[in-house]
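The model shown is predicted, which means the values in this text are computed figures rather than measured ones.
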Amino acid sequence: MFALDADLSPFYNALAENDPLYWARNGAGRLLAAPSVFEDLVRTLCSTNCAFSATRRMVAALVRIGDGAFPTPQRILGLGEEALVTEVRMGYRARSLVALAERDCNGELDLESLRATAGAREEEVAAALGALHGFGPYAVAHAMQLLGFYRPLILDSWTRPTYARIIGKRSRSDAAIRRDFARYGAYAGLAFWLTLTKDWVPA
DNA sequence: CGTCCAGGTCTAC
DNA sequence: GGTAGACCTGGACGC
């Protein structure tokens with residue numbers, strides 16, 4: 001769940017001594033993921049267009065109807081879209097969740113094969129995720145990090161102002177933010193996230 | 001009690 | 001190809 005089989009040494013080794021992220025060489029950058037890709041995508045879906053408190057509420061409700069465990073796609077389909085609205089209170093996201101569960105169940109899409117460690121290619125994973133209903137630029141970038149692809153930047157209503165505050169500006173365009181992190185190459189997204197969450201790490 | 005909007009996305013121009 | 005409008009929900013706010 002911390003993707004310890006993913007080798008971050010290329011990222012660490014490329015950090016110069018004067019890099020603001022030099023501190024991360026001690027093993028930082030491990031994001032907490034779910035046991036399954038399906039669960040990671042569902043949780044990501046539950047984080048779109050709502051406060052983080054709402055995300056936690058929706059996920060808790062899903063676990064409740066899963067009898068204490070995160071519901072399988074079969075379980076989701078058994079419940080149906082209406083129950084996801086009335087019991088999980090996930091609103092319009094229910095439709096996207098049902099669509100995802102259907103594609104996972106009928107074998108149309110092998111979600112586990114989307115992992116970087118499974119040999120998936122970044123462009124294809126981005127395209128596959130982006131084709132899912134309810135997965136726009138934010139959700140795709142967020143899911144990519146959890147799948148082991150660290151290039152995309154997670155740009156949303158929390159990261160944008162948070163980054164602007166860190167660099168002491170009122171705001172900064174997405175294009176400018178991407179330029180700021182382009183030098184990290186395949187680890188630009190991870191570098192962005194570490195920059196935003198440095199104060200989450202005990203000194 | 002009404003309005004706004006949050007760790008966005010889809011659809012219709 | 002770029003952009004308003006609509007969209008579930010429930011806390012946070014103003015009045």
Side-chain angles (χ1 to χ4, degrees), chain A residues 1 28-34 37-66 70-71 76-77 79-104 109 111 114 125-167 169-178 180-181 188-201:
Chain A
M1 292 167 74
R30 297 298 175 174
L31 312 179
L32 182 61
V37 174
F38 177 72
E39 182 174 337
D40 272 334
L41 296 186
V42 175
R43 294 169 74 121
T44 297
L45 183 64
C46 290
S47 73
T48 57
N49 193 30
C50 65
F52 191 54
S53 59
T55 300
R56 296 172 63 173
R57 176 183 55 72
M58 285 183 255
V59 172
L62 284 171
V63 171
R64 198 173 310 122
I65 64 172
F70 200 88
I76 294 293
L77 293 182
L79 286 163
E81 181 175 338
E82 191 177 335
L84 294 174
V85 173
T86 61
E87 297 181 34
V88 180
R89 310 291 297 175
M90 57 188 301
Y92 64 86
R93 299 169 194 79
R95 183 181 155 210
S96 302
L97 174 50
V98 169
L100 174 63
E102 282 175 345
R103 293 194 61 182
D104 190 22
L109 185 59
L111 295 181
L114 297 178
V125 173
L129 294 177
L132 295 173
H133 189 272
F135 284 74
Y138 152 76
V140 169
H142 187 273
M144 294 282 284
Q145 310 295 311
L146 300 179
L147 290 174
F149 297 97
Y150 304 108
R151 188 192 310 275
L153 273 63
I154 301 175
L155 294 165
D156 59 33
S157 62
W158 180 73
T159 61
R160 290 187 180 99
T162 298
Y163 179 63
R165 177 179 53 74
I166 288 174
I167 63 175
K169 293 181 178 291
R170 191 175 61 78
S171 68
R172 191 154 181 79
S173 72
D174 290 354
I177 297 175
R178 289 202 172 87
D180 293 343
F181 289 86
L190 185 61
F192 181 51
W193 189 253
L194 285 170
T195 298
L196 299 173
T197 61
K198 181 181 181 183
D199 62 353
W200 295 6
V201 180

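Between A:Leu147 and A:Leu129 there is a side-chain heavy-atom pair separated by less than 4.5 Å.
Phosphate proximity of C:dG10 to A:Ser53: absent, as no side-chain N or O sits under 4.0 Å from OP1 or OP2.
Between the side-chain ring of A:Phe52 and the base of B:dA6, no stacking contact exists by the 5.5 Å and 30° definition.
Taking atom C1' on both nucleotides, B:dG7 is separated from C:dG2 by 24 Å, rounded to a whole Å. Using C1' as the reference atom, B:dC5 and B:dT9 are 15 Å apart when rounded to the nearest Å. One P atom belongs to C:dC8, the other to B:dC1, and the distance between them is 25 Å to the nearest Å. C:dG5 and B:dC4 have their C1' atoms separated by 16 Å, given to the nearest Å.
In this entry C:dA12 has B:dT3 as its Watson-Crick or G-U wobble partner, both defining distances falling under 3.5 Å. Remark: B:dT9 base-pairs with C:dA6. Criterion, Watson-Crick or G-U wobble with two distances under 3.5 Å.
For A:Ser157 and A:Tyr138, the side-chain atoms include no donor-acceptor pair closer than 3.5 Å.
The side chain of A:His133 lies closest to B:dC10 when the candidates are B:dA6, B:dG7, B:dC10. Here the nucleotide nearest the side chain of A:Arg89, chosen from C:dC7, C:dT9, B:dT9, is C:dT9. Checking B:dT11, B:dG8, C:dT9 against the side-chain heavy atoms of A:Thr48 singles out B:dG8 as nearest. Side chain of A:Asn49, nearest nucleotide from B:dG7, C:dC8, C:dG10: C:dC8. Distances from the side chain of A:Arg57 to the nucleotides C:dT9, B:dA6, B:dG7 place C:dT9 closest. The side chain of A:Trp158 approaches B:dG7 more closely than any other nucleotide in the set B:dT11, C:dC8, B:dG7.
Ring-plane geometry between A:Trp200 and A:Trp158 is classed as tilted, the angle between the planes lying from 30 to 60 degrees on a 0 to 90 degree scale.
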